[in-house]
Amino acid sequence: MGTDDPQAGTGETTSIALDFVLNESEIAGQIDRDNVGIIGYSQGGAGALGAATKYENSYLYKAIFTGSAAYPFLAQNMGWGYEITKINVPYFMTAATGTSDDLGVADINAEFGGVAPLASLVEIYNSITADVLKVRARVTGAEHEQMQARTEGYMIAWMLFHLQDDQEAGKVFLGEDAEILSNTNWQDVEKNG
């Protein structure tokens, strides 16, 4: 399910929508409450991080994926702050290599560096404890607006692995021979699984 909120950056409406769908919607009884994932792109990526860390129902998420999530400096300036150190579920973070996501500025915490610069992905990755399965990667040759289409397959694999225990999908990310490590559509990959 998704929210129809043009200002989803705080994650509040996502949190409200999750409560509604789990407790009041006509499909509430059909949802596997033990296997809920969250996905967000751009402002919605900041919202996904907020939803997974700031609300009473944040504990319900079992996995998170973000595509070009607004990085902390940008998110904070827009009122979408999140606390990355509170991420305690498997997290796959992605961004584009193009200038819309990474302007190549010297200090991303002093000036706007794009929506999701590589330096911010490195900081975010390093801020999450080592006991959390985490993957960071950028889509080669992509710009910000291409992220949904260019990440869809691996986003689905991430969720299939974590929410449905699909071991074949897990091969994309796990081990020394993980598919993502040799896929030329991806670069700047770091993972701890």
Side-chain angles (χ1 to χ4, degrees), residues 1-25 27-28 31-96 101 108-137 144 147-148 151 154-156 158-159 161-163 190-193:
M1 67 106 203
T3 62
D4 188 19
D5 179 6
Q7 294 296 320
T10 66
E12 181 179 16
T13 55
T14 303
S15 177
I16 292 167
L18 179 63
D19 280 342
F20 173 79
V21 79
L22 291 178
N23 301 307
E24 299 175 40
S25 74
I27 62 167
I31 298 172
D32 181 353
R33 292 169 171 266
D34 293 328
N35 290 296
V36 176
I38 189 164
I39 299 161
Y41 290 87
S42 194
Q43 178 193 153
L49 290 164
T53 59
K54 298 191 312 191
Y55 300 96
E56 286 186 29
N57 60 5
S58 293
Y59 72 93
L60 292 169
Y61 297 109
K62 187 173 177 183
I64 185 170
F65 168 91
T66 60
S68 295
Y71 82 103
F73 177 82
L74 172 60
Q76 192 65 40
N77 285 332
M78 298 299 292
W80 310 326
Y82 49 83
E83 295 183 52
I84 201 65
T85 58
K86 290 187 176 183
I87 293 292
N88 60 6
V89 295
Y91 180 21
F92 181 23
M93 63 194 82
T94 69
D101 268 3
I108 61 166
N109 296 308
E111 64 179 308
F112 177 67
V115 178
L118 175 60
S120 73
L121 264 65
V122 171
E123 285 181 6
I124 289 168
Y125 183 93
N126 291 339
S127 295
I128 299 170
T129 62
D131 61 325
V132 173
L133 178 62
K134 53 189 174 176
V135 177
R136 74 162 166 82
H144 185 77
M147 287 301 290
Q148 280 186 287
T151 61
Y154 276 11
M155 177 273 295
I156 291 170
W158 185 256
M159 292 301 172
F161 175 61
H162 291 289
L163 305 182
E190 186 170 358
K191 61 188 204 64
N192 67 348

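Any value given below was found using the heavy atoms of this structure, including those in side chains, with hydrogens, waters and symmetry copies removed. Keep in mind the model is a prediction, meaning the values are calculated, not measured.
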Student: From T129 OG1 over to N88 CG, what is the distance, rounded to the nearest 0.5 angstrom?
Tutor: 8.0 Å
Student: I'd like to check Q7 versus Q43 (side-chain heavy atoms, cut-off strictly below 4.5 Å). Are they in contact?
Tutor: yes
Student: Calculate, to the nearest 0.5 Å, the distance between atoms OG1 and CG belonging to T13 and L18 respectively.
Tutor: 11.5 Å
Student: For Q76, does the CD atom sit with more than 12 other heavy atoms under 6.0 Å from it, leaving out its own atoms?
Tutor: no
Student: What's the shortest heavy-atom distance between G9 and W80, and which atoms?
Tutor: O-CB, 3.3 Å
Student: Can you give me the closest heavy-atom contact between I39 and M155, atom names plus distance?
Tutor: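 For I39 versus M155, the nearest heavy atoms are CD1-SD, 3.2 Å.
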Student: Working to the nearest 0.5 angstrom, can you tell me the gap between L133 CG and N192 CG?
Tutor: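 Output value for this atom pair is 5.5 Å.
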Student: Rounded to the nearest 0.5 Å, what separation is found between the CE atom of M93 and the CZ atom of R136?
Tutor: 8.0 Å
Student: When you compare the side chain of I108 with that of E123, does any pair of heavy atoms fall below 4.5 Å?
Tutor: yes
Student: Output the distance between atom OG1 (T66) and atom CE (M147), rounded to the nearest 0.5 Å.
Tutor: 8.5 Å
Student: List the steps, then state whether side chain to side chain contact (heavy atoms under 4.5 Å, CB included) holds for Y41 with V115.
Tutor: CA-CA 11 Å; Y41 290 87; V115 178; over 6 Å; no
Student: Y154 and T94: side-chain donor and acceptor closer than 3.5 Å?
Tutor: no
Student: Tell me, do F73 and N77 make a side-chain contact under 4.5 Å, heavy atoms counted?
Tutor: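 Yes. Closest side-chain heavy atoms under 4.5 Å.
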Student: Side-chain contact, heavy-atom cut-off 4.5 Å: Y82 with I124?
Tutor: yes
Student: Heavy atoms only: give me the nearest L22-A28 pair and the separation to one decimal.
Tutor: O-CB, 3.3 Å
Student: Which heavy atom of A70 sits nearest to which heavy atom of L74, and what is that distance?
Tutor: CB-CD2, 3.8 Å
Student: What's the shortest heavy-atom distance between Y71 and P117, and which atoms?
Tutor: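 Scanning both residues completely, I find the closest heavy atoms to be CD2-CD, 3.4 Å.
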Student: Grab the two heavy atoms, one from S68 and one from A96, that are nearest each other, plus how far apart they are.
Tutor: OG-N, 3.6 Å
Student: Could you grab the distance from atom CG of N126 to atom OG1 of T85, nearest 0.5 Å is fine?
Tutor: 13.0 Å
Student: Kindly list each side-chain donor-acceptor pair under 3.5 angstrom involving residues 54-65, sequence neighbours excluded, with atom names and distances?
Tutor:
{"from": "K54", "atom 1": "NZ", "to": "T10", "atom 2": "O", "distance (Å)": "3.4"}
{"from": "K54", "atom 1": "NZ", "to": "G81", "atom 2": "O", "distance (Å)": "3.0"}
{"from": "Y55", "atom 1": "OH", "to": "T10", "atom 2": "O", "distance (Å)": "3.1"}
{"from": "Y55", "atom 1": "OH", "to": "E12", "atom 2": "N", "distance (Å)": "3.2"}
{"from": "N57", "atom 1": "OD1", "to": "S15", "atom 2": "OG", "distance (Å)": "2.8"}
{"from": "N57", "atom 1": "ND2", "to": "S15", "atom 2": "O", "distance (Å)": "2.9"}
{"from": "N57", "atom 1": "ND2", "to": "S15", "atom 2": "OG", "distance (Å)": "3.3"}
{"from": "N57", "atom 1": "ND2", "to": "D19", "atom 2": "OD1", "distance (Å)": "2.9"}
{"from": "S58", "atom 1": "OG", "to": "A51", "atom 2": "O", "distance (Å)": "2.6"}
{"from": "S58", "atom 1": "OG", "to": "T53", "atom 2": "N", "distance (Å)": "3.4"}
{"from": "S58", "atom 1": "OG", "to": "K54", "atom 2": "N", "distance (Å)": "3.3"}
{"from": "S58", "atom 1": "OG", "to": "Y55", "atom 2": "N", "distance (Å)": "2.9"}
{"from": "S58", "atom 1": "OG", "to": "Y55", "atom 2": "O", "distance (Å)": "3.0"}
{"from": "K62", "atom 1": "NZ", "to": "N35", "atom 2": "OD1", "distance (Å)": "2.8"}
{"from": "K62", "atom 1": "NZ", "to": "H162", "atom 2": "O", "distance (Å)": "3.3"}

